[in-house]
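Here the structure is laid out as structure tokens; the discussion comes afterwards.
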2 protein chains.
Amino acid sequence: MESESAILALAALAQPTRLEVFRLLVRHEPDGRPAGEIAEAVGVPANTLSSHLAVLSRAGLVTAERRSRSIIYRADLEGLRTLVLFLLKDCCGGRADICAPLLAELAPCCD
Amino acid sequence: MESESAILALAALAQPTRLEVFRLLVRHEPDGRPAGEIAEAVGVPANTLSSHLAVLSRAGLVTAERRSRSIIYRADLEGLRTLVLFLLKDCCGGRADICAPLLAELAPCCD
DNA sequence: TAATTCGATAATATTGGAAGTATGGAATCC
DNA sequence: GGATTCCATACTTCCAATATTATCGAATTA
């Protein structure tokens with residue numbers, strides 16, 4: 001992952017409404033949720049949410065699929081993985097001594 | 001990690017100069033680098049860099065230590081780990097089915 | 001001297017009203 | 001019945017106001 005796309009993803013998540021939307025969509029994997037329902041859930045007008053969804057989409061963190069009148073948004077976990085990998089690579093680049101312990105500590109995250 | 005501090009860290013890294021500074025400091029672990037040297041390396045005036053370092057510091061991603069006239073900055077890898085953990089928890093929260101494969105893919109990052 | 005803080009300016013992001021686009025249901029016309 | 005029109009819904013785009021962030025010269029502190 002290039003710095004440039006990492007910055008897009010970091011900036012996308014560095015905003016309260018967008019972070020909340022992303023987390024909501026992760027919780028609703030793999031079904032996703034229509035834009036209107038997301039807007040209601042996070043309490044922002046439809047147009048405001050729409051621009052936030054566009055930012056997340058450009059950052060590769062959500063995907064959109066039209067279903068009849070609704071547009072279903074889903075979290076793109078591959079995008080998240082790419083971002084996490086980028087952050088870890090920052091420490092790993094040729095320096096497993098730094099990265100290995102860090103990675104070891106991550107394992108219990110699924111408990 | 002609270003969303004609020006996650007947002008601080010995400011925002012801190014979502015800026016080209018700051019991301020570059022952070023990566024530079026990770027490469028120079030565990031010695032760190034004085035502010036002036038960092039400023040020269042990234043090609044930014046001292047005062048501009050200073051405010052960027054303050055942002056990284058508030059986000060818990062770097063630490064500062066005065067050494068005689070210089071101030072030595074170091075990457076705070078624990079802060080990075082906390083951020084990565086936060087991002088992963090987004091998928092893990094009670095859903096190891098999503099997180100496990102993602103985590104498995106991260107392992108090769110140290111190669 | 002090395003670095004930070006202050007203050008002013010420029011650039012960028014967030015927000016939401018109003019208008020625009022896409023979809024599909026229901027009434028109307030041949 | 002099939003096509004057309006009209007309407008409501010679900011979103012998005014456009015645009016302008018407001019807020020936040022980035023940058024750097026000048027003054028300040030350690």
Side-chain angles (χ1 to χ4, degrees), chain A residues 3-25 28 31-76, chain B residues 3-25 28 31-76:
Chain A
S3 303
E4 211 172 308
S5 32
I7 284 174
L8 273 183
L10 290 163
L13 294 178
Q15 203 282 339
T17 303
R18 286 195 296 263
L19 182 57
E20 187 181 352
V21 166
F22 182 70
R23 302 182 79 182
L24 181 149
L25 288 176
H28 285 97
D31 298 338
R33 278 291 178 277
E37 202 173 303
I38 301 170
E40 197 186 3
V42 302
V44 300
N47 58 349
T48 300
L49 180 81
S50 185
S51 63
H52 284 310
L53 286 170
V55 171
L56 286 167
S57 178
R58 253 178 273 130
L61 291 166
V62 304
T63 60
E65 184 198 352
R66 173 140 235 153
R67 195 134 87 212
S68 173
R69 290 191 206 170
S70 297
I71 296 181
I72 309 293
Y73 282 88
R74 290 190 48 199
D76 186 338
Chain B
S3 299
E4 211 171 308
S5 33
I7 285 174
L8 273 182
L10 290 163
L13 295 177
Q15 204 282 339
T17 303
R18 287 195 297 264
L19 183 57
E20 187 181 351
V21 167
F22 181 71
R23 302 182 79 181
L24 181 149
L25 288 176
H28 286 96
D31 300 337
R33 278 292 177 277
E37 201 173 305
I38 301 170
E40 196 186 5
V42 303
V44 160
N47 58 352
T48 299
L49 181 81
S50 185
S51 64
H52 284 310
L53 286 170
V55 172
L56 286 167
S57 178
R58 254 177 274 130
L61 290 166
V62 305
T63 60
E65 184 199 351
R66 174 138 235 151
R67 194 134 88 214
S68 169
R69 292 197 201 160
S70 297
I71 296 181
I72 308 294
Y73 282 87
R74 290 189 49 199
D76 185 338

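The structure presented is a predicted model; accordingly, all values stated were derived computationally and were not measured.
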| Sugar-phosphate, base or nothing in reach of B:S70, heavy atoms under 4.0 Å | sugar-phosphate
| note | Heavy atoms of A:A59 and A:L8 approach each other most closely as CB-O, 3.6 Å
| request: Mind grabbing the angle between the end helix axes of the helix from C:dT1-D:dA30 to C:dC30-D:dG1? Five pairs an end, 10° rounding. | output: 30°
| note | chain B vs DNA chain D, heavy-atom contacts under 4.0 Å, first-to-last nucleotide span, 5' to 3', is D:dA22 to D:dA30
| note | Here the gap from B:E20 atom CD to A:I7 atom CD1, rounded to the nearest 0.5 Å, amounts to 9.5 Å
| request: Return the minimal non-hydrogen interatomic distance between A:L61 and A:A9, and the atom names on each side. | output: CD1-O, 3.8 Å
Could you list, one pair per line, each protein nitrogen or oxygen that sits under 3.5 Å from a nitrogen or oxygen of nucleotides 22-25 of chain C, together with the distance?
from, atom 1, to, atom 2, distance (Å)
C:dT23, O2, A:R69, NE, 3.1
C:dG24, N3, A:R69, NH2, 3.4

| query | Which residue pairs satisfy the salt bridge (Lys or Arg N to Asp or Glu O under 4.0 Å) criterion with at least one member in residues 44-63 of chain A, sequence neighbours excluded? | reply | none
| task | For B:L49 and C:dA3, give me the distance from atom CG to atom P, rounded to whole Å. | result | 9 Å
| message | At 4.0 Å (heavy atoms only), tell me whether B:A35 reaches a base, stays on the sugar-phosphate, or touches nothing. | response | sugar-phosphate
| message | Quick one, A:P16 and B:E4 - any side-chain contact, counting heavy atoms below 4.5 Å? | response | no
| Spacing of OG1 belonging to B:T63 relative to CD1 belonging to B:I72, to within rounding of 0.5 Å | 10.5 Å
| B:R67 side chain to B:R69 backbone, donor-acceptor under 3.5 Å | no
| said: At under 4.0 Å between heavy atoms, how does the protein contact nucleotides 7-19 of chain C? Give one character per nucleotide, 5' to 3', with B, S or -. | reply: -------SBBBB-
Atom pairs and distances, side-chain donor-acceptor, residues 33-53 of chain A, under 3.5 Å, sequence neighbours left out:
from, atom 1, to, atom 2, distance (Å)
A:R33, NE, A:E37, OE2, 2.7
A:R33, NH2, A:H28, NE2, 3.4
A:S51, OG, A:T48, O, 2.9
A:H52, ND1, A:R18, NH1, 3.2

| field | Smallest separation among heavy atoms of B:R23 and A:S3, with atom names | value | NH1-OG, 2.9 Å
| Pairwise side-chain contact, A:L13 with A:L56, heavy-atom cut-off 4.5 Å (strictly under) | yes
